[in-house]
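Down below is the structure, laid out as structure tokens.
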Amino acid sequence: MNSTNDFQLEKRMTIEEGVKLLEDAYKEFDMASNMAKIAKGKTFQRYELEMNLIRNRVNNIFKTCPQLNSYIDYKDVFFNSVFFKSDLQRLIEIIKQDLDK
């Protein structure tokens, strides 16, 4: 992790900052997930690692923006790879709708 990301994790961020970072992470996760579907061998493993790193980054975003935690209905499985892709997108949409009100 570089010093810029370290600084972001040390300070509390606003929900607007958090949702922007979540959107960026989702786009990266979606691309890696789609590429992993057609990859084989070491290339597949690289995409799996990338998706794990993105899930960890999203977890850190939630830690630095506690307001986001109230949007997660089932915290014990949210970061599970089975739920993460579809649920993160749904969560981002809900947060953005609330911010637009």
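This one's a predicted model, so the numbers in the text were calculated from it and none came from an experiment. For the numbers below, each heavy atom of this structure counts, side chains included, while hydrogens, waters and symmetry mates do not.
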Check salt bridge (charged side-chain N to carboxylate O under 4.0 Å, His left out) between E16 and all other residues, then give those that pass, not counting sequence neighbours. none
If you group Ile, Leu, Val, Met, Phe, Trp and Tyr by side-chain heavy-atom gaps below 4.5 Å, do M13 and I72 land in one group? yes
Do Y71 and I94 make a side-chain contact, defined as non-hydrogen atoms from C-beta onward lying under 4.5 Å apart? yes
Enumerate the residue pairs fulfilling ring-ring contact (aromatic ring centres under 6.0 Å, His included) with a member in residues 30-56, sequence neighbours excluded, ordered by first and then second residue. none
Backbone N/O of N60 and side chain of T64: donor-acceptor pair under 3.5 Å: yes
Under 4.0 Å between a Lys/Arg side-chain N and an Asp/Glu carboxylate O for D24 and K20? yes
Go through the steps for L68 and L22 under the test side chain to side chain contact (heavy atoms under 4.5 Å, CB included), then give the verdict. CA-CA 10 Å; L68 294 173; L22 290 177; 3.9 Å; yes
Applying side-chain hydrogen bond (donor to acceptor under 3.5 Å, both in side chains), can you list everything that pairs with Q89, at least two apart in sequence or on another chain? Y26
For K63, the side-chain hydrogen bond (donor to acceptor under 3.5 Å, both in side chains) test, sequence neighbours excluded, returns none
Distance-only, no hydrogens or angles: does the N59 side chain make a donor-acceptor pair with backbone N or O of R55 under 3.5 Å? no
Flag side-chain contact, heavy atom, 4.5 Å: E23 against K96: yes
From CA spacing to verdict: side chain to side chain contact (heavy atoms under 4.5 Å, CB included), M35, T43: CA-CA 9 Å; M35 295 302 290; T43 305; over 6 Å; no
Residues clustering with L53 (ILVMFWY side chains joined when closer than 4.5 Å, directly or via others): L49
Can you name the residues that form a ring-ring contact (aromatic ring centres under 6.0 Å, His included) with F62, not counting sequence neighbours? F78, F79
Do side-chain atoms of E28 reach the backbone of A25 as a donor and acceptor pair under 3.5 angstrom? no
If hydrophobic clusters are built from ILVMFWY residues whose side chains come within less than 4.5 Å, do F29 and I38 share one? no
What closest approach, in Å, do S33 and M51 show between heavy atoms, and which atom pair accounts for it? CA-SD, 3.4 Å
Output for pair (L91 CG, S86 OG), nearest 0.5 Å, gives 11.0 Å
Distance check, rounded to the nearest 0.5 Å: I61 atom CD1 versus N56 atom CG? 11.0 Å
Between C65 and T14, which heavy-atom pair has the shortest distance, and what is it? SG-O, 3.5 Å
Pair D30 + K27: basic N to acidic O under 4.0 Å: no
